[in-house]
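Note that this is a predicted model, so its numbers are computed, not measured. When a ligand or atom number is given, it counts from 1 through the structure's own listing order.
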Amino acid sequence: MFEHLDALPPDPILGLIAAYAADPNPKKIDLGIGVYRDEFGATPMLDCVVEAEKILLDTQTTKTYLGPPGVAGFNQAITELILGKDSNALRQGRVRTVQTPGGTGALRVAADLIKVAKPESELWASDPTWANHLALFPGAGVSMHSYPYFDAESSSLRFDDMVDALQQRGPGDVVLFHACCHNPCGISPNPEQWQIIADIACVQGFTPMVDMAYMGLERGVEEDCLALRLFSEQCPELIFASSCSKNFAMYRERVGAITIVAQDEEKAAAVESVIHNVTRKNYSMPPAHGPAVVDIILHSDDLRAQWISELGVMRDRINGLRKELSEKIAASGIQRDFSFIARQSGMFSFMGLTVEQVHRLRDEFAIYTVNSSRVNVASFNDNNMDYFIEALARVLDE
Ligand code: LMR
């Protein structure tokens, strides 16, 4: 049965975890996977999570099955968090949220839902987009194309080209957006641009799908939900995939959700039943621990306030590192302009290096980035930033 299988190359992002771990160089830096790190290079648990886990341990009485929707309190809290309690779609009963194993699980469920709802749909994603989008959707049988997004020359958004491309889309197309902290290029549309995009979605009639893996890490929880709130006020149908991996630092617990908005309450119930059906045929039902913890945090005034504050610390640190890195590169004598790092947001920026330069960073300096030269800015600290800049100068020959 397995005789025709050959070993596949490692995943472009996850493969770096093992390569980095095996590297004995004491100066090694992991700028690969999108994980927040503090000034000591650690990825600590949030205090609010530790507290909520204690409460959960003291209060839980059973581990029996929850059923396909998962933790009901989590689903309700996430829906209100992303759409806002005053959402019209919510009041009209047109919204349903189903807990999933991580944000990636939500994307896969979304792909399965699209295949059931309209198998001939085409999915359009930004160029570039998260590497796993490119594997996940075609892997689920959804055909995928790209729309212009990032201008490598100026490290900025190709907004006019993006608008032109979106105006070609229509019913039957699903257009994928990153809510904030664009992965991999760190550039988001501004609020006025989001409004223009939402207007186009409304006129053209395509279905927006919003991936929000980094909510709260660009400008703040409310601000980072702007795009999907605009879409939800204007569009009849939507798909959202949300994740608590980064903003609750619960990566390995796999906490995520798919949220859909349908044209009316009856259709929303129908879509929810299809989601339950596709998950039942896949993993049956989602895991409970992580979402139960988030449920406790979001339903406690104190823990919720603590979460907002701890999220703010992560966001401020990343923004501070962006400024520091771009200033230090400018002061280092490197001629190339890296000031865009300070203007971008979230964990990632492209350094604009060739694959050969990326490999030199890895082989000569034990600095690990994805081949596209996407770096995780959150991995820098006082002990490694200067070393990185020296290595950068060397591979740029400056
Ligand atoms: C990343 O892009 O590094 C993260 O989203 C983690 C992952 O699963 O790829």
Examine distances only and state if a side-chain atom of Asn384 and a backbone atom of Asn381 form a donor-acceptor pair shorter than 3.5 Å.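 Present.
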
Mind checking whether Asn132 has a heavy atom under 4.0 Å from ligand 1? no

Side chain, backbone, both or neither: which applies to [X] and ligand 1 if a contact is any heavy-atom pair less than 4.0 Å apart?
{"X": "Tyr214", "result": "side chain"}
{"X": "Ile33", "result": "both"}
{"X": "Thr104", "result": "neither"}

Please tell me whether [X] and [Y] form a close aromatic pair, meaning their ring centres lie under 6.0 Å apart.
{"X": "Phe350", "Y": "Phe150", "value": "yes"}
{"X": "His182", "Y": "Tyr149", "value": "yes"}
{"X": "Phe365", "Y": "Phe388", "value": "no"}

Does Asp316, at its CG atom, have more than 12 non-hydrogen atoms belonging to other residues, nucleotides or ligands within less than 6.0 Å?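 Enclosed.
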
Quick one: is the NZ or CZ of Arg169 closer than 6.0 Å to the six-membered ring centre of Phe206, and within 45° of its axis? no

With only distance considered, is Gly34 within less than 3.5 Å of ligand 1 through an N or O on each side? yes

Going by the atom numbers of ligand 1, which of them fall below 4.0 Å from some non-hydrogen atom of Arg374?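 In order of number, 1 (C), 2 (O), 3 (O).
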
Show which atoms of ligand 1 fall inside a sub-4.0 Å distance from at least one heavy-atom site of Ile13. 2 (O), 3 (O), 9 (O)

Atom 7 (C) of ligand 1 - nearest protein heavy atom and its distance: Trp130 CZ2, 3.7 Å

Considering non-hydrogen atoms of the protein only, which is the closest contact for atom 4 (C) of ligand 1, and what is the distance? Lys246 NZ, 3.2 Å

No-hydrogen, no-angle side-chain donor-acceptor test under 3.5 Å, Thr62 and Thr64: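 The criterion, which ignores hydrogens and geometry beyond distance, is not satisfied for Thr64 and Thr62.
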
